[in-house]
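Reviewing the structure listed below.
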Amino acid sequence: KAFVATFFVFSDYTKPMARLSALMNLPLTFIFTHDSIGVGEDGPTHHGVFDLAYFRPIPNLTISSPMDEHELRRLMYTAQLPDQGPFVIRYPRGRGVLLDWKCPLEEIPVGKGRRLKEGKDLAVITLGPIGNVAARAIERAEKVKPLDEALLHEVGLNFQHVVTIEDGVKKGGMGSAVLEFMADNDYIPRIRRIGVPDAFIEHGTIQELHHLCGMDEEGIYNQLIIDS
């Protein structure tokens, strides 16, 4: 199975390949690094914040974003299995979160989320490595396509307040997918989305830009206590 890897900002030549591979169900895996605002000081010309919004409407295309190094290894293993079609894996530049990144290579079920914490007042849905920041914020306050519909039905039935957290643009991203799902299934929770706003983000360190967008631990914490 072929793997195609590049920075998302340099992916213009691969976007038609991804669309056509989905159309013809070709076993191609696209690896996009430096997603979101993870390029920091390189500024808005290099930010990869529009990837989810671009790829999400394409049928027959699996889109994934690992939370940590173990998930990245297992997603790359999963993508090359014989029963998998076209596959997108996105991840940012920078350091990981695990000291020991080695792990057994095991298949990750496509379209299934991972429950990190039980609760009954507020549902927090995250995608990718920003989930690690959200987990720290949740401790203080106390996955995209295909979506885990069973988990979202559970959220729609049992929660009145939902917060989605992603490291891409809010318009057209994972939060939008959750809003669409809730509307299509007649669920009416109050949903607050955290992500990159509808603007080009200036130069700065990753920490500075996450703070600017309200996506750092403090910003996520402040949103969680509003809805909790």
Side-chain angles (χ1 to χ4, degrees), residues 1-36 38 48-93 96-98 100-116 125-132 143-155 164-169 172-178 180-181 184:
K1 184 168 184 175
F3 281 71
V4 181
T6 185
F7 292 14
F8 178 75
V9 71
F10 301 136
S11 67
D12 285 348
Y13 71 95
T14 63
K15 291 173 183 174
M17 293 172 59
R19 180 176 59 84
L20 290 174
S21 68
L23 175 64
M24 296 183 284
N25 198 35
L26 299 178
L28 293 177
T29 296
F30 299 88
I31 310 291
F32 295 114
T33 71
H34 294 61
D35 72 331
S36 187
V49 296
F50 304 111
D51 53 350
L52 290 176
Y54 177 83
F55 288 115
R56 195 171 66 83
I58 300 177
N60 195 39
L61 182 64
T62 296
I63 308 167
S64 63
S65 184
M67 184 173 177
D68 55 34
E69 297 90 319
H70 289 175
E71 283 196 351
L72 174 58
R73 284 170 55 83
R74 288 170 174 152
L75 280 171
M76 294 186 72
Y77 173 78
T78 300
Q80 56 81 47
L81 293 175
D83 60 337
Q84 296 296 338
F87 214 102
V88 169
I89 303 174
R90 65 189 290 270
Y91 59 89
R93 181 184 73 174
V97 296
L98 300 177
D100 184 7
W101 53 267
K102 296 181 180 180
C103 65
L105 296 180
E106 301 170 344
E107 181 178 3
I108 292 180
V110 172
K112 292 294 182 182
R114 181 155 58 100
R115 189 192 310 270
L116 300 180
I125 303 171
T126 71
L127 175 71
I130 199 169
N132 298 289
K143 228 180 231 219
V144 166
K145 181 187 176 183
L147 293 172
D148 186 341
E149 294 193 354
L151 184 61
L152 288 180
H153 278 300
E154 181 180 342
V155 169
T164 67
I165 306 171
E166 58 191 305
D167 52 357
V169 289
M174 184 267 291
S176 294
V178 173
E180 293 164 10
F181 179 89
D184 290 345

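Please read these numbers as outputs of a predicted model, since none were measured by experiment.
Ring pair His153/Phe181 is perpendicular by interplanar angle, where above 60° counts as perpendicular and below 30° as parallel.
No side-chain heavy atom of Phe30 sits under 4.5 Å from any side-chain heavy atom of Phe55. Looking at heavy atoms from C-beta onward, Ser65 lies in side-chain contact with Pro129 at the 4.5 angstrom threshold. Taking 4.5 Å as the limit, every side-chain heavy atom of Tyr77 sits out of range of all side-chain heavy atoms of Ile108. Looking only at side-chain heavy atoms (C-beta outward), Phe32 and Thr6 come within less than 4.5 Å of each other. A 4.5 Å side-chain heavy-atom check between Gln80 and Leu105 finds every atom pair outside the cut-off. Residues Leu52 and Val169 form no side-chain contact, since every pair of their non-hydrogen atoms from C-beta on lies 4.5 Å or further apart. Looking at Ile125 and Leu151, their side chains never come closer than 4.5 Å, going by heavy atoms from C-beta outward.
Thr78 meets the side-chain hydrogen bond (donor to acceptor under 3.5 Å, both in side chains) test with no other residue; sequence neighbours excluded. With sequence neighbours left out, the salt bridge (charged side-chain N to carboxylate O under 4.0 Å, His left out) criterion links Arg74 to Glu106.
Checked for salt-bridge contact, Arg90 and Asp167 meet the test: a charged N lies under 4.0 Å from a carboxylate O.
The CE atom of Met17 sits 9.5 Å away from atom CG of Leu26, with the distance rounded to the nearest 0.5 Å. With values rounded to the nearest 0.5 angstrom, Tyr54 atom OH is found 6.5 Å from Arg19 atom CZ.
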Query - Pair Trp101-Leu72, side-chain contact (heavy atoms from CB on, under 4.5 Å): steps then yes or no - result: CA-CA 10 Å; Trp101 53 267; Leu72 174 58; over 6 Å; no
Requested in this report: Take Ile31 and Tyr91 through the test side-chain contact (heavy atoms from CB on, under 4.5 Å) and record every step on the way to the result.
Outcome: CA-CA 8 Å; Ile31 310 291; Tyr91 59 89; 3.5 Å; yes
Requested in this report: Could you go through the side-chain contact (heavy atoms from CB on, under 4.5 Å) check for Leu147 and Glu180 one step at a time?
Outcome: CA-CA 11 Å; Leu147 293 172; Glu180 293 164 10; over 6 Å; no
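A side-chain donor-acceptor contact under 3.5 Å links Glu69 to the backbone of Val97.
Evaluation of the side-chain hydrogen bond (donor to acceptor under 3.5 Å, both in side chains) test over residues 22-34, restricted to residues two or more places apart or in two chains, returns Asn25-Asn60.
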